[in-house]
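Written below as structure tokens is the structure these notes are about.
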There are 2 protein chains.
Amino acid sequence: MVQDTVADGATGDADACCTPLGDVDADAMAIDLQVLSAMGNDTRYELLRRIANADDGVCVCDLEAAVGVSQSAVSQALSRLYAAGLVTRRKEGSWRYYEPTETTVALLETLDDLRGTYE
Amino acid sequence: MVQDTVADGATGDADACCTPLGDVDADAMAIDLQVLSAMGNDTRYELLRRIANADDGVCVCDLEAAVGVSQSAVSQALSRLYAAGLVTRRKEGSWRYYEPTETTVALLETLDDLRGTYE
DNA sequence: GAAACATATTAGTATTTTCTTGTATAAGCT
DNA sequence: AGCTTATACAAGAAAATACTAATATGTTTC
């Protein structure tokens, strides 16, 4: 498997403190950044938490009421979460239900563990 | 333990599709957002990966060579990672060595697992 | 102590992001 | 078909972010 990497600038002679570092996988980086930057925003984080908290799908109208931004902003936020693979969406009549993906569940769980939520 | 929450706007009458959702813990949210938004940036993500890849501490000069931004930008990025609790720093002479925290290790590992890096 | 080096800080600018308003699409109801 | 509701899309304004350049601080070396 060919693996793109971000070039390591330090190809020259070894300086006093500087040992060359292992490069970072560019594909992995792109994917992770999409996920992290999608989650790392007030509105989207809160939407995601609420989606993850619900048992089987939340419709957009629920979410609109909960966060303090316009319908349009909620829609855009959800689209971005979807693009990042953090939610799935399913249409039911004229409603649209969002559910968390495994990625979302795993990451939120990790964050909870790290904070020591239940200590 | 008192637990701040973000108010759930949907306190009114129950609409067609809308069931009220569980609120989101505001403290947890603040902490998570600091972590996520710190990681969710090109420069900082790459710095963090390189710090995590190294065995025992990376000095700033190594990092500067690796990412394509100014010394100042690197310093600012590292400060932000530090503020978010993602790295520790230790001074050794005039160099400063950065190391990943448990949070960083855990999150990067989770991300790797989710991507299925080793499949 | 002065020069050179490693890193941090400040201030300003450029870029990116996020929101709002207005409009479009699509489904359900009468 | 026309009206209403649910959601998405587009364009632009406003806010937040990330960079650069310049300067400051602290360390080493001579």
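No experiment lies behind these values; they were computed from the predicted model shown. The chains referred to below are lettered A, B, ... by the order of the sequence lines, with proteins before strands, and numbering in each begins at 1.
- Not counting sequence neighbours, the partners of R90(A) by the side chain to side chain donor-acceptor pair (under 3.5 Å) test are E92(A), E99(A).
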Show the distances under 3.5 angstrom between N or O atoms of the protein and N or O atoms of nucleotides 16-19 of chain C.
unit_1	atom_1	unit_2	atom_2	d
dT18(C)	OP1	N41(A)	ND2	3.1
dT18(C)	OP1	R44(A)	NH2	2.9
dT18(C)	OP2	R44(A)	NH1	3.0
dT18(C)	OP2	R44(A)	NH2	3.4
dT18(C)	OP2	R80(A)	NH1	2.9
dC19(C)	OP1	T43(A)	OG1	2.5

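- Side-chain contact between D32(B) and R49(A): present, with at least one pair of heavy atoms (C-beta onward) separated by less than 4.5 Å.
- N41(A) is linked by a side chain to side chain donor-acceptor pair (under 3.5 Å) to nothing, counting only residues two or more places apart in sequence or in another chain.
- Rounded to whole Å, the distance from CD on E64(B) to P on dC19(D) is 13 Å.
- Between L81(B) atom CG and dA18(D) atom P there is a gap of 11 Å when expressed in whole angstrom units.
- Look at CZ on R90(A): it is 17 Å from P on dA6(D), rounded to the nearest Å.
- With sequence neighbours excluded, the residues that form a side-chain contact (heavy atoms from CB on, under 4.5 Å) with S70(A) are S72(A), A73(A).
- DNA chain C is contacted by both V74(A) and R89(B); R89(B) maps to the nucleotide lying nearer its 5′ end (nearest heavy atom per residue).
- Under the side-chain contact (heavy atoms from CB on, under 4.5 Å) criterion, S37(B) pairs with R80(B), sequence neighbours left out.
- For the OP1/OP2 pair of dA6(C) and a distance below 4.0 Å, the side-chain nitrogens and oxygens of R96(B) include no atom meeting the criterion.
- Just one residue in the list D23(B), L33(B), V24(B) forms a side chain to side chain contact (heavy atoms under 4.5 Å, CB included) with E46(A), and that residue is V24(B).
- Computed from coordinates, the Y82(B) OH to dT7(C) C1' distance equals 15 Å when rounded to whole Å.
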Nucleic acid footprint by protein, nucleotides 23-30 of chain D - heavy-atom cut-off 4.0 Å, B for base, S for sugar-phosphate alone: ---SSS--
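- In this entry the distance linking CG of L47(B) with C1' of dA18(D) reads 13 Å, nearest Å.
- Q71(A) meets the side-chain contact (heavy atoms from CB on, under 4.5 Å) test with E64(A), S75(A); sequence neighbours excluded.
- A donor-acceptor contact under 3.5 Å is not formed by the side chain of S72(B) with the base of dA11(C).
- Partners of T101(A) by side-chain contact (heavy atoms from CB on, under 4.5 Å), not counting sequence neighbours, listed by chain and number: T88(A), T103(A), T104(A).
- Take D42(A) and apply the salt bridge (charged side-chain N to carboxylate O under 4.0 Å, His left out) test, not counting sequence neighbours, and it matches no residue.
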